[in-house]
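Each remark here refers to the structure printed beneath this line.
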Amino acid sequence: MTYTPETIEPKWQQRWAERRTNEPDLDRAEKPFYNLMMFPYPSAEGLHVGNFYAFTGSDVFGRFMRMQGHTVFEPIGFDAFGIHSENFALKVGTHPNVLIPQNIKNFTRQLTQLGGMFDWKHVLSTTDPAYYKWTQWLFLQLYHAGKAYKKKAAVNWCPSCKTVLANEQVINGACERCGSQVEQRALEQWFFKITDYAQRLLDNLDDKSKMDWSATTTTAQRNWVGRSSGAEVDFAAGGETIRVYTTRPDTIFGATFMVLAPEHPLVAKLTTPAQQSAVAAYQQAAAAKDVVARKVETKDKTGVFTGGYATNPATGQPIPVWIADYVLMDYGTGAIMAVPAHDERDFAFATKFHLPILRVVASGDETASTPITEPSAETDGSRLVNSGAFDGKPVTDGAAAIVAWLEAKHVAKGVIKYRLYDWCISRQRYWGPPIPIIYCDACGPVPVPEKDLPVLLPHIEDFRPDDSGISPLARHKEWYHVACPTCGKQGRRETDVSDTFLDSAWYFYRYLGTEFADRALDANRVKKWLPVPMYIGGNEHAVLHLLYSRFIAMVLQERGLVHFDEPFRKFRAHGLIVKDGAKMSKSKGNVVNPDEYVARWGADTLRLFLMFLGPFEEGGDFRDAGLTGPRRFLERLWDLVGQCERRTLSGDEIHRDVMIKWNATKKKVTHDLETLGYNTAIAALMELLNTMRETNCSERQIVKDMVLMVAPFAPHFAEECWERLGGQTSVFDAKWPAWNEGLTQDAVVEIVVQVNGKTRSVIKAGRGSQESQVLPKAQKDDTVRRFLDGKEIVKVIFVKDRLINIVVR
RNA sequence: GCGAACGUGGCGAAACUGGCAGACGCGCAGGACUUAGGAUCCUGUCCCUCACGGGGUGCGGGUUCGACUCCCGCCGUUCGCACCA
């Protein structure tokens, strides 16, 4: 009988569905384990091999946990709203209402073929009114918590996608989706106050009891929140006060000029008549440049003198006030004190415009008068100079002393700042959940009552956005005209929809209660299953999605809806699958579609191959040639199952080497699966198979264990083998093999014998032998003797069960 | 520019807290079985050397009886962030 995945795989997929193998009882599970993977965006191209890789890696873990005796809930769904889908719909000229169901159907087919342990009973799509009803409800939760507000804001506008982008969606000044240069526009937008949680979002990252995340991810989050501590200092300028933020208050004596952002409100007041036209021209030029150009275009400094002066509160000296676009209005206070001696940008500016540069920090043999040739921001081991009473103080102490001194004079206070911005969730687009707000001339903005949810997204044909900057929904009076829920007068619906990231910030709650039409999340199930013990997904979401989900959990906790503030106890990012060293992308035409590989090799072989490619958290290069190895392995194991002994041999009948290998493999595979070391787990299974073949062993118990251990990787294959071996239930309801610790190592070990650190021989000795037993044996070894001959033994290093190193002279 | 990760055969990669470098797999070479082989099985496969032996984990140094592993300095690749005061 030969191995035929093309018949075996559909057979088991059908059985799993019929027998509801993968649909745990969410209310009665005793050892619940929520195995979460990031749900896909159902693109028209279908699942690519990178998705396949990610889902397989997560599925292997889920299946392993199940065999360990947990009741595993492994849901899947579709993140189907958003610009991505909408843009594709626009491109092909088909309505997303038509397109998305087709894509979901295709994805469902592919996900089924992959053999994932998905609970299809709880599948969801964010575009389903039964889902987004609760996304709207979530918006209202934030609204009632005072965490949602509206403001007119300069926003990133993508002229090609015709929508507002979050700062996070602007990459180097370009739209992350289409690559167009982003412009600045002022629009009324809904924001979530994520900044209220900045410190908590940081603190929890260090709380091991709440979060076990890989360091790269936590670092990315930490950088994103961007905490800095410094001081706000007031500089008097005429009758006005210019407030600056600085992280280096210790250098204030070196502040020889000030720079304001061109948009700074005080610019007009400070500008002297003589400078007016120059300043106005500069402001205009800066406004014309979009946010991005200012940030990216060039690091060459430009600027204009306002003609005004401010007083340095430390020195009492007047210093000129300039404007320049390297100072950004939206960070700090939009104004800086410039310390050219110790800041690279200020130095460049001062050099270009011939402004004074005064050293206030010296290190090593530098003195107060050592000229500055390049700016230095060194603090360690440096001391203050040219700083009045603070001269000679180490910089670190000096900072605190200077802040205290300025605070006493009421011109400064220590502050903590974060780079994190509030989350703009408004989108002037069609393909998203309408934001559930009604504007009433009499009552102002009124939240849609919960009983009126969902606010259905109407089917409109003209969903194309235009340059007006308003949502396509704003062209449909029949939809947005609605009675005010409070006073009954004619009101107007909010015509913006919400950001896709809001859909995905809470989907893992909804999985647990898709069958409930009357509540977003079910309290008992939330209590039982959450927080998520293992979340696996892509690093591209290391910042945004994960940060937003964390924020939402914090708000839900405060609302008393959940019992935790960190939704993902453990997060692991899988690596990236590349093709010929390059990232797969449509434009490069190197996207690998898994379908043809499933058809040719079977899903199990593809799964095994992908997991064997390299460390799961590092990804790898997809090469067709590699599939033969895993396929051969399955075929050989298949044959072994066929040749398997009828009876179970007693321990004594099994070859000692096989016995050891068998137990050692069980231990290693178990450990490797726990730590996502899939590639080495597979290698260990291959080794065991090789040992079996070399020793002509087909012992039933061992073969059974091999089938069990390969099951997470090759589920259909394992089910079929298990059935051939007489298994009555699903192999995934069988118990994960246990091992005998005493038999994982041989009683006789090989000990390396070195002379002066070079390996000369290997001798056998009983496990646990002492140096006194091993040394004489080593000295008797022929080869070793040659190297010891006529030499004096200076020292012997003995590492138990491993090595003996004889140092001679 | 800043931050992080990484650098091991022809290729993907192993190597637990410093202890036989190259497990496992691909590929390649030779052989067996075959009308045939792009199927299967067996053997070999880091480099130099007939051998004894020597060299070898990006490059240069250091610590150590012993370094892929730790430390210092370069070079290179990848990924984040990027005028954040």
Side-chain angles (χ1 to χ4, degrees), chain A residues 171-173 214-217 219-220 222-224 226-228 230 244-249 251 255 259 261 294-301 324-328 330-339 342-346 348-349 377 417-420 539-540 542-543 575-576 578 581 583 608-609 612-615 618-630 632-633 635-636 639 668 671 677 679-690 693 750-762 783 786 794-808:
Chain A
I171 310 299
N172 276 349
S214 59
T216 47
T217 313
T219 304
R222 227 172 253 122
N223 291 340
W224 197 262
R227 180 189 149 113
S228 68
V244 303
Y245 172 68
T246 176
T247 54
R248 293 293 306 277
T251 61
V259 186
R294 268 177 65 174
K295 285 188 179 171
V296 189
E297 217 171 50
T298 167
K299 300 210 171 174
D300 250 8
K301 296 292 175 286
D325 63 7
Y326 82 91
V327 175
L328 309 171
D330 57 4
Y331 185 78
T333 60
I336 62 161
M337 63 176 210
V339 184
H342 307 290
D343 181 278
E344 213 177 304
R345 298 150 300 171
D346 298 346
F349 195 81
K417 287 235 184 275
Y418 304 91
R419 267 183 54 200
L420 187 69
N539 239 332
E540 69 274 20
V543 178
L576 200 67
V578 298
K583 210 167 165 172
L608 202 61
F609 160 69
F612 186 54
L613 207 56
E618 286 172 29
D621 205 331
F622 189 93
R623 290 154 296 114
D624 296 16
L627 282 144
T628 45
R632 272 179 205 151
F633 167 72
E635 281 172 357
R636 288 169 185 169
D639 290 344
K668 176 162 176 60
H671 175 260
N679 55 332
T680 47
I682 294 167
L685 288 169
M686 288 173 165
E687 280 188 58
L688 176 58
L689 181 67
N690 290 344
R693 285 155 56 86
E750 293 191 331
I751 291 180
V752 173
V753 184
Q754 295 185 339
V755 179
N756 284 351
K758 290 202 182 295
T759 302
R760 295 305 176 189
S761 185
V762 177
T783 319
R786 272 210 331 266
V794 185
K795 195 173 173 183
V796 174
I797 285 114
F798 177 71
V799 182
K800 202 164 160 190
D801 295 340
R802 277 192 191 269
L803 157 150
I804 185 159
N805 184 9
I806 304 168
V807 185
V808 296

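Naming convention: chains lettered A, B, ... in sequence-line order (proteins, then strands); numbering from 1 in each chain.
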Whole angstrom value for the distance that separates P of B:C52 from CZ of A:R760: 12 Å
Identity of whatever pairs with B:A14 - Watson-Crick or G-U, under 3.5 angstrom: none
Position toward the 5' end of RNA chain B (nearest nucleotide), A:G626 or A:N756: A:G626
Touch class at under 4.0 angstrom, heavy-atom based, for A:T680 against every strand present: sugar-phosphate
B:C6 and B:C16, which share atom name P, separated by this distance in whole Å: 14 Å
A:G614 or A:R693, whichever maps to the more 5' nucleotide of RNA chain B: A:G614
Touch class at under 4.0 angstrom, heavy-atom based, for A:E344 against every strand present: nothing
Phosphate OP1/OP2 of B:C41 contacted by A:R636 side-chain N/O (<4.0 Å): yes
base_contact_polar (B:C16 base, A:R802 side chain, donor-acceptor, <3.5 Å): yes
Partner nucleotide of B:A5 by Watson-Crick or wobble geometry (both distances under 3.5 Å): B:U77
P gap between B:U34 and B:A23, integer Å: 33 Å
Touch class at under 4.0 angstrom, heavy-atom based, for A:D346 against every strand present: nothing
Partner nucleotide of B:A82 by Watson-Crick or wobble geometry (both distances under 3.5 Å): none
Phosphate OP1/OP2 of B:G53: any A:R786 side-chain N/O under 4.0 Å: yes
Sugar-phosphate, base or nothing in reach of A:Q754, heavy atoms under 4.0 Å: base
Mate of B:G27 where both pairing distances stay under 3.5 Å, Watson-Crick or G-U: B:U45
Residue matched to B:G38 through Watson-Crick or wobble contacts both under 3.5 angstrom: none
A:N756 side chain vs A:V808 backbone, donor-acceptor pair below 3.5 Å: yes
Sugar-phosphate, base or nothing in reach of A:N223, heavy atoms under 4.0 Å: nothing
A:R623 side chain near B:G27 phosphate (N/O to OP1/OP2, under 4.0 Å): no
Side-chain donor/acceptor of A:E618 to base of B:C6, under 3.5 Å: no
From B:G53, B:C84, B:A85, nucleotide with atom closest to A:T783 side chain: B:G53
Pair of N/O donor and acceptor under 3.5 Å linking B:C83 base with A:K301 side chain: yes
Distance test, side-chain N/O of A:Y245 to OP1/OP2 of B:A85, below 4.0 Å: no
Under-4.0 Å side-chain N/O to phosphate OP1/OP2 contact, A:K758 with B:G55: yes
Plane angle bin for A:Y326 and A:F349 - parallel if under 30°, tilted between 30 and 60°, otherwise perpendicular: tilted
Sugar-phosphate, base or nothing in reach of A:N539, heavy atoms under 4.0 Å: nothing
Sugar-phosphate, base or nothing in reach of A:L613, heavy atoms under 4.0 Å: sugar-phosphate
Anti or syn - B:G9, cut at 90° from 0: syn
